[in-house]
Amino acid sequence: MLASRLFFPTHKEDPAEAEAISHKLMIRAGLVRQLAAGLYIYLPLGQRVITKVINIIHEEMNAIGAQELSMPVLQPAEIWQQSGRYGEIGAEMFRLRDRGGRDMVLGMTHEEVVTWLAAREIRSYRDLPQVWYQTQTKLRDEARPKSGVLRTREFIMKDSYSFDADEGALEKNYRLHIQAYNRIFERAGVRFYMVESDPGMMGGATAHEFMAPSSAGEDEVALCPACGYAANVELARAEPARPQFPEPGMKEVATPGARTIEEVSGFLNVTPDLLIKSLLLITERGPVLAMVRGDQEMLESKLARIIGSHRLAEPEEVKEVTGAEAGFMGPLGLDIRKIADQSLEGGVFIVGANRDGFHIIGVAPGQDFQAEFADIRRVRQGEKCPHCNASLKLERCIEIGNIFKLGTKYSGPMGATYLDEQGQERPVIMGSYGIGPARVAAAAIEQLADEKGIVWPLSIAPFAVHLVLVQPADSQQAAMAEKLYLELKSSGVDVLLDERAISPGVKFAEAELMGCPVRVTIGKRAVAGGGVEVALRRGGEEQKFEAGEAAAGIASLLNQA
RNA sequence: CGGGGCGUGGCGCAGCUUGGUAGCGCGCUUGCUUUGGGAGCAAGAGGCCGGCGGUUCAAAUCCGCCCGCCCCGACCA
């Protein structure tokens, strides 16, 4: 490719609207342009990167026996009604009507379509297992698109779906996907962890996420450096340090005006971990009191798994249920469902008295009041690993892939069944496995970029070699560059020749911005016999080759990388 | 959806408080010079100041409504 013909509009300055490093650099280096919130145009450079990521994914998917297919993005509402998600999902799904008045949706994902297909075409245990995958556009009307390409309303996703006769076979496909995903992300050159993730409404099913550490990420994971325990904080568990508890023995104390944890602990001169923080929540089945230690944070996603969907009570509702203002509520004397975090069990705490201006000290959960004890708090950095007691580390991550055991969630309601060896009709056991290629590319930028720009891993770089011709007007330089360019091209190297008649400074700066792994410079020094300069973008090491040996030297450099 | 911020040539911004000529840097065009780190000089092109309405002799500037974009939060099956 010649730079004079390549469409790669660059910017010297950061775009005003970008926050994340990958977002800034993708715009500055001419990889993408934003059409509207959460909608991106992939320019030639960006498209080349995405294509390379997708090619890696496809190679590894094919290697585990998955078969590529393609499915409609425009889908009849009917199949979503069958699976039950038409009603469950809210504004996040694009809905429309066709000219005949039929309800349609734009697919956020393809479980319904693929299950519809399986329901029609899979009949016998002899047809199983199957693994089908697609790499296609998906649409979600995101409440808040953000961070450039990381969270968009339209995005490409590789999704595979497995169909098995039983749980054991599903487990096998699940493991195969784990292997494939590990290879994919290693090849793509990103750092990542596989962590336990929240299967959400999948019930008891298991799920994992592949997480690339980056401050631009939206998720946080808890990691144990000792035993390898790794989980999304949405479900991560840990042992908090236990404070020195006082003697039990309930006693009401006046705490005038002290409502918040800080105010009460300050007023009574105790540390916050000796208080219980109570929250009143309203569910479909009535009010629920949820309790965590004063120094801890409630985690809604964990609580939701126990009590279902809920909302915070309004001040009037608090007054009505507890008889006191929010700052003074507590578990004693309340005849409603109570959920207490596990770390409260066996301790002695200060709680609200359900009487304005008063708290009660010396309260022992489980004795002085009953509650369901469960893990409903957010783990914190430095708490003890639930498996090995080492100190947990928390890290922000970009979710680049996820894998789910779906079981019969879709095959059941949509009638995807097969006949087993005994002639028994059984639902197909499914799994689904996603990767977002744009997120992989963005994660690579986030993890590797330096102050000059992008630093691509060779495997997903738009070009392997960026050949800078310093003075195109000099015929000797031009001839030398052209020759090397053709040699590299004919040996299958992706090479970009910058033969534009512009200042060399611009060429070097843009080469660094663009981030191709190898930069080759041909200028007057090379012509004078000083050798062809070959610099690695990552680390910046430079070496020289004789003109005749340059192509071979570069090729062997690329092979090492 | 709640809170906050911002919309002015292609990009980044100033001007708005205190109404009266639309400005800077980068980029772009042409010419000459330059040619190993985002060049120099000169001459140019390019803007219904997000939209609609109001106040006023007069609105980028004041007021109202709307739209768009970004950030924080909620949400993300």
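In what follows, chains are A, B, ... by sequence order, proteins preceding strands, each numbered from 1.
Across every strand in view, B/G46 sits unpaired, with no contact that passes the Watson-Crick or G-U test at under 3.5 angstrom. B/G36 is unpaired under the criterion used here, namely a Watson-Crick or G-U wobble arrangement in which both key atom distances are under 3.5 Å. Using the Watson-Crick or G-U wobble rule with both distances under 3.5 Å, B/G64 pairs with B/C52. In this entry B/C16 has no Watson-Crick or G-U wobble partner, no candidate having both defining distances under 3.5 Å. The base-pairing partner of B/C69, taking Watson-Crick or G-U wobble contacts with both distances under 3.5 Å, is B/G5. With both pairing distances under 3.5 Å, B/C75 is matched to nothing as a Watson-Crick or G-U wobble pair.
Between the P atoms of B/G4 and B/U61, the separation comes to 23 Å (whole Å). The gap from the C1' atom of B/G9 to that of B/C28 amounts to 11 Å, rounded to the nearest Å. With both ends at atom P, the span from B/C48 to B/U35 equals 41 Å, rounded to whole Å. Rounded to a whole angstrom, the distance from the P atom of B/G2 to that of B/U21 is 39 Å. Across the C1' atoms, B/C16 and B/A60 are found 7 Å apart, a figure rounded to whole Å. The same atom, C1', is picked in B/A14 and in B/C26; the two are 15 Å apart, to the nearest Å. When the P atom is used for both B/C62 and B/C70, the distance is 25 Å, rounded to whole Å. Comparing the C1' positions of B/C11 and B/G46 gives a spacing of 14 Å, expressed to the nearest Å.
Residue-level contact check: A/M108 touches the bases, meaning some heavy atom is under 4.0 Å from a base atom. Base contact: A/E533 has a heavy atom under 4.0 Å from a base atom. The residue A/R153 sits apart from the nucleic acid: no heavy atom pair falls under 4.0 Å. Within the 4.0 angstrom heavy-atom criterion, only backbone atoms of the sugar-phosphate kind lie near A/K146; the bases stay farther away. Note on A/S147: only backbone sugar-phosphate atoms sit closer than 4.0 angstrom, heavy atoms only; bases stay farther off. Residue-level contact check: A/A473 touches neither bases nor backbone, having no heavy atom under 4.0 Å from any strand.
Neither OP1 nor OP2 of B/A74 sits under 4.0 Å from any side-chain N or O of A/R144. Proximity of A/Q471 to the phosphate of B/G36: a side-chain N or O atom is located under 4.0 Å from OP1 or OP2. In this structure, A/K409 does not reach the B/A77 phosphate: none of its side-chain N or O atoms is under 4.0 Å from OP1 or OP2.
The cationic atom of A/R439 (NZ for Lys, CZ for Arg) does not lie both less than 6.0 Å from the six-membered ring centre of A/F155 and within 45° of the ring axis.
Under 4.0 Å is where a charged nitrogen must lie from a carboxylate oxygen, and between A/E512 and A/R519 at least one such pair does. Between A/K409 and A/E111 there is no salt bridge, since no side-chain N of the basic residue sits under 4.0 Å from a carboxylate O of the acidic one. Salt-bridge formation is not detected for the pair A/R293/A/D341: no Lys NZ or Arg NE/NH1/NH2 atom is positioned less than 4.0 Å from an Asp or Glu carboxylate oxygen.
Residues in residues 534-545 of chain A take part in these salt bridge (Lys or Arg N to Asp or Glu O under 4.0 Å) pairs, two or more places apart or across chains: A/D450-A/R537.
Within residues 7-18 of chain A, the residues that place at least one heavy atom under 4.0 Å from RNA chain B are, in residue-number order, A/T10, A/H11, A/K12, A/E13, A/D14, A/A16, A/E17.
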